[in-house]
**Q** 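Okay, here's the structure, questions in a sec.
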Amino acid sequence: MKDLILNNTDSELREITGAVLEGRRLTPDEALTLYNRADLSLMALLATTVKRRKSGDAVFFNRNFHIEPTNICIYNCRFCSYHKPEGDPDSWELSEKEILDIVRRFDGVPVTEVHITGGVHPSRDIHYYGRILSAIRNLRPDISIKAFSAVELDYMIRKAGMSYTEGLTVLRDYGLDSIPGGGAEIFDPVLRRRICREKADAETYLAIHEAAHMLGLSSNATMLYGHAETPAQRIDHMIRLRELQDRTGGFNAFIPLKFRRENNRMHELGEVPVTEDMRNYALSRILLDNFSHVKAYWPATGKNAALMSLAFGADDLDGTIDDTTRIYSMAGSEESRPTLSTTELVAMIRSAGFRPVERDTNYRTVKEW
Ligand code: V47
Ligand code: SF4
């Protein structure tokens, strides 16, 4: 098999293919050559080889729900279909009681994680969110609280006049367990200025994740792709994450987020085809050799593309969700009310030829299915 592949590629590609098969790390130039010249079947094979090295025949899933406290946001990212200014008739702002009522809906349900994220509200502060964390912690001491993107954290911590380490320590003491990957978008400064000029830049995103890792809070990393970025800018983004992961080891998963076009100011860019999604999953699995997991976030991609990504290096399907997120249905995802039962997730993973493993936030096994 290896010879068959190697004989059918040009010499530079042959060398890069050999490096991946032997487990040698790719340089940015090698990654670009691979991305530009390898056909989709070679990408699938290399990514699956790396995936199997990391997690064997397991594919993970989790039982989770989301809370989106508000869609009011001081920023105005061009790709965002979700945010509204204060006072807009389509804006929402959940009270503390409404937030806790969402948590209570899961009384007796064996979820392991709540994911909290939303707009950057101008008048909420770190202690307001901290009190919500501790109220959730009191209601459900058994579940892990993954909350606030680096962009939300940057705003609330700066507003409190604290350093990132101080702010994260305060939030950890209130009950924060880990940080989701949102807000990374694309790190390239020129493109970032075009699509989300006002919010936290790449250095801030990375500094917040680094501070979190140093405090023992794990996190995820994302990349928004399929809009105006070049393959080289995607690779640059992943390399910056790989460098931070080399220093801290604190990232659990990398999550490619496909740009969805509805109801935002980048609509005219269209969406990339599913072949591009698969090439991108594979590239990330191959390049991010120090990330244990690549997550397919099915509410964003749709179930079918998420399922297909398991043949291109993804080893995690997030999650049961239970119709608790609006970010992607508002942006045009085919999943308008995202919900999957554990039975459905297990069947999906088996249909792709893998062994379903239910995990917690930090990928400890909850149950082998
Ligand atoms: O940062 C916003 C993205 C992110 C669009 O850590 C869009 O486990 C595509 O980060 N098209 C928030 N993407 C969601 C997020 C996330 C999701 C699931 C799991 C985890 C995790 C993190 O959503 C934003 C932005 O990159 N986004 N609008 C859009 N139109
Ligand atoms: Fe606000 Fe996040 Fe939307 Fe940007 S992506 S406008 S920060 S809610």
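Read the numbers this way: they start at 1 and go in the same order the structure lists the ligands and their atoms.
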**Q** Using a 4.0 Å heavy-atom cut-off, which part of Phe79 comes near ligand 1: side chain, backbone, both, or neither?
**A** both
**Q** Could you check whether atom CZ of Arg197 has more than 12 heavy atoms from other residues, nucleotides or ligands sitting under 6.0 Å from it?
**A**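 Atom CZ in Arg197 is not crowded, with 12 or fewer foreign heavy atoms closer than 6.0 Å.
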**Q** Would you mind running through ligand 1 and noting each atom that sits below 4.0 Å from a heavy atom of Asn220?
**A**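 By the 4.0 Å cutoff, the relevant atoms are 6 (O), 8 (O), 21 (C).
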**Q** Without swapping roles, check the side chain of His237 against the backbone of Thr222 for a donor-acceptor pair under 3.5 Å.
**A**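 Indeed, once roles are kept as given, a pair shorter than 3.5 Å links the two residues.
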**Q** Have a look at ligand 1 and work out which part of Ala331, if any, has a heavy atom under 4.0 Å from it: side chain, backbone, both or neither.
**A** side chain
**Q** Return a table of donor-acceptor pairs under 3.5 angstrom between the side chains of residues 106-114 and protein atoms on other chains or two or more places apart.
**A**
unit_1	atom_1	unit_2	atom_2	d
Thr112	OG1	Arg63	O	3.4
Glu113	OE1	Thr361	OG1	2.6
Glu113	OE2	Lys146	NZ	3.1

**Q** For Val151, which part has a heavy atom under 4.0 Å from ligand 1: side chain, backbone, both, or neither?
**A** neither
**Q** Does a salt bridge link Arg37 with Asp10, judged by any charged N lying under 4.0 Å from a carboxylate O?
**A** yes
**Q** Would you tell me which option among Glu262, His115, Lys258 has the nearest heavy-atom contact to atom 22 (C) of ligand 1?
**A** His115
**Q** Looking only at heavy atoms, which two atoms of Ser329 and Ser336 are closest? And how far apart?
**A**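 Of all heavy-atom pairs spanning Ser329 and Ser336, the closest is CB-O, 3.5 Å.
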**Q** Distance to 0.1 Å, residue and atom name: give those for the protein heavy atom nearest to atom 6 (O) of ligand 1.
**A** Gly181 N, 2.8 Å
**Q** Would you mind checking which non-hydrogen protein atom is closest to atom 17 (C) of ligand 1, with the distance to 0.1 Å?
**A** Tyr297 CE2, 3.7 Å
**Q** Classify the ring geometry of Tyr328 against Tyr297: parallel below 30°, tilted from 30° to 60°, perpendicular beyond 60°.
**A**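 Aromatic pair Tyr328/Tyr297 classed perpendicular.
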**Q** Is there a side-chain contact between Val120 and Met156 in this structure, where contact means two heavy atoms from C-beta onward sitting under 4.5 Å apart?
**A** no
**Q** Can you tell me the protein heavy atom closest to atom 11 (N) of ligand 1 and the distance?
**A** Arg260 N, 2.9 Å
**Q** Using 2.8 Å as the cut-off, note every protein N, O or S atom close to atom 1 (Fe) of ligand 2.
**A**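 The answer is Cys73 SG.
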**Q** Within the structure, is a non-hydrogen atom of Ser149 found at a distance of less than 4.0 Å from ligand 1?
**A**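 Ser149 does not count as a contact of ligand 1 under the 4.0 Å cut-off.
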**Q** For ligand 1, find out whether one of its N or O atoms is nearer than 3.5 Å to an N or O atom of Gly183.
**A** yes
**Q** Centre-to-centre under 6.0 Å for His227 and Phe79, is that the case here?
**A** no
**Q** Who are the ring-ring contact (aromatic ring centres under 6.0 Å, His included) partners of Tyr205, not counting sequence neighbours?
**A**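 Partners of Tyr205 under the ring-ring contact (aromatic ring centres under 6.0 Å, His included) test: Phe187, His209.
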**Q** State the atoms of ligand 1, each with its element, that fall below the 4.0 Å cut-off from a heavy-atom position in Leu224.
**A** 7 (C), 9 (C), 13 (N)
**Q** Less than 6.0 angstrom separating the ring centers of Phe291 and Phe251, yes or no?
**A** yes
**Q** Mind checking whether Tyr328 has a heavy atom under 4.0 Å from ligand 1?
**A**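 Yes; Tyr328 lies near enough to ligand 1 that a heavy-atom distance drops under 4.0 Å.
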**Q** Report, in ascending order of atom number, the atoms of ligand 2 lying under 4.0 Å from any heavy atom of Phe79.
**A**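 So the atoms of ligand 2 that pass are 5 (S).
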**Q** Check for a donor-acceptor pair, side chain of Arg52 on one end and backbone N or O of Ala47 on the other, with a separation under 3.5 Å.
**A**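 No; judged by distance alone, with no hydrogens or angles, the pair does not exist.
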**Q** With a sphere of 6.0 Å drawn around CZ of Arg337, does it hold more than 12 non-hydrogen atoms of other residues, nucleotides or ligands?
**A** no
**Q** Is Glu344 salt-bridged to Lys303, going by a charged N under 4.0 Å from an acidic O?
**A** no
**Q** For atom 12 (C) of ligand 1, grab the closest protein heavy atom and report residue, atom and distance to one decimal in Å.
**A**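 Checking every protein heavy atom, the shortest distance to atom 12 (C) of ligand 1 gives Gly182 CA, 4.2 Å.
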**Q** Looking at non-hydrogen atoms alone, which of Lys199, Met266, His227, Lys146 comes nearest to atom 8 (O) of ligand 1?
**A** Lys146
**Q** Checking a contact table here: which protein heavy atom is nearest atom 24 (C) of ligand 1, and how many Å away?
**A**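 Sorting protein heavy atoms by distance from atom 24 (C) of ligand 1 puts Glu185 OE2, 3.7 Å first.
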**Q** Run the numbers for me: atoms of ligand 1, each under 4.0 Å from some heavy atom of Pro180, listed by number.
**A** 6 (O)
**Q** May I ask whether Lys295 places a heavy atom under 4.0 Å from ligand 1?
**A**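 Per 4.0 Å heavy-atom rule, Lys295 contacts ligand 1.
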**Q** Do His127 and Val170 make a side-chain contact, defined as non-hydrogen atoms from C-beta onward lying under 4.5 Å apart?
**A** yes
**Q** Any idea which atoms of ligand 1 are less than 4.0 Å away from a heavy-atom of Thr222?
**A** 10 (O)
**Q** When you measure from atom 15 (C) of ligand 1 to each heavy atom in Asn252, Leu257, Thr301, which option holds the nearest one?
**A** Leu257
**Q** Any idea which part of Asn264 is under 4.0 Å from ligand 1, heavy-atom wise: side chain, backbone, both or neither?
**A**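 For Asn264, only side-chain atoms sit under 4.0 Å from ligand 1.
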**Q** Check whether any side-chain heavy atom of Tyr75 lies under 4.5 Å from a side-chain heavy atom of Tyr155, and answer yes or no.
**A** yes
**Q** Partners of Glu276 by salt bridge (Lys or Arg N to Asp or Glu O under 4.0 Å), sequence neighbours excluded?
**A**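 Arg234.
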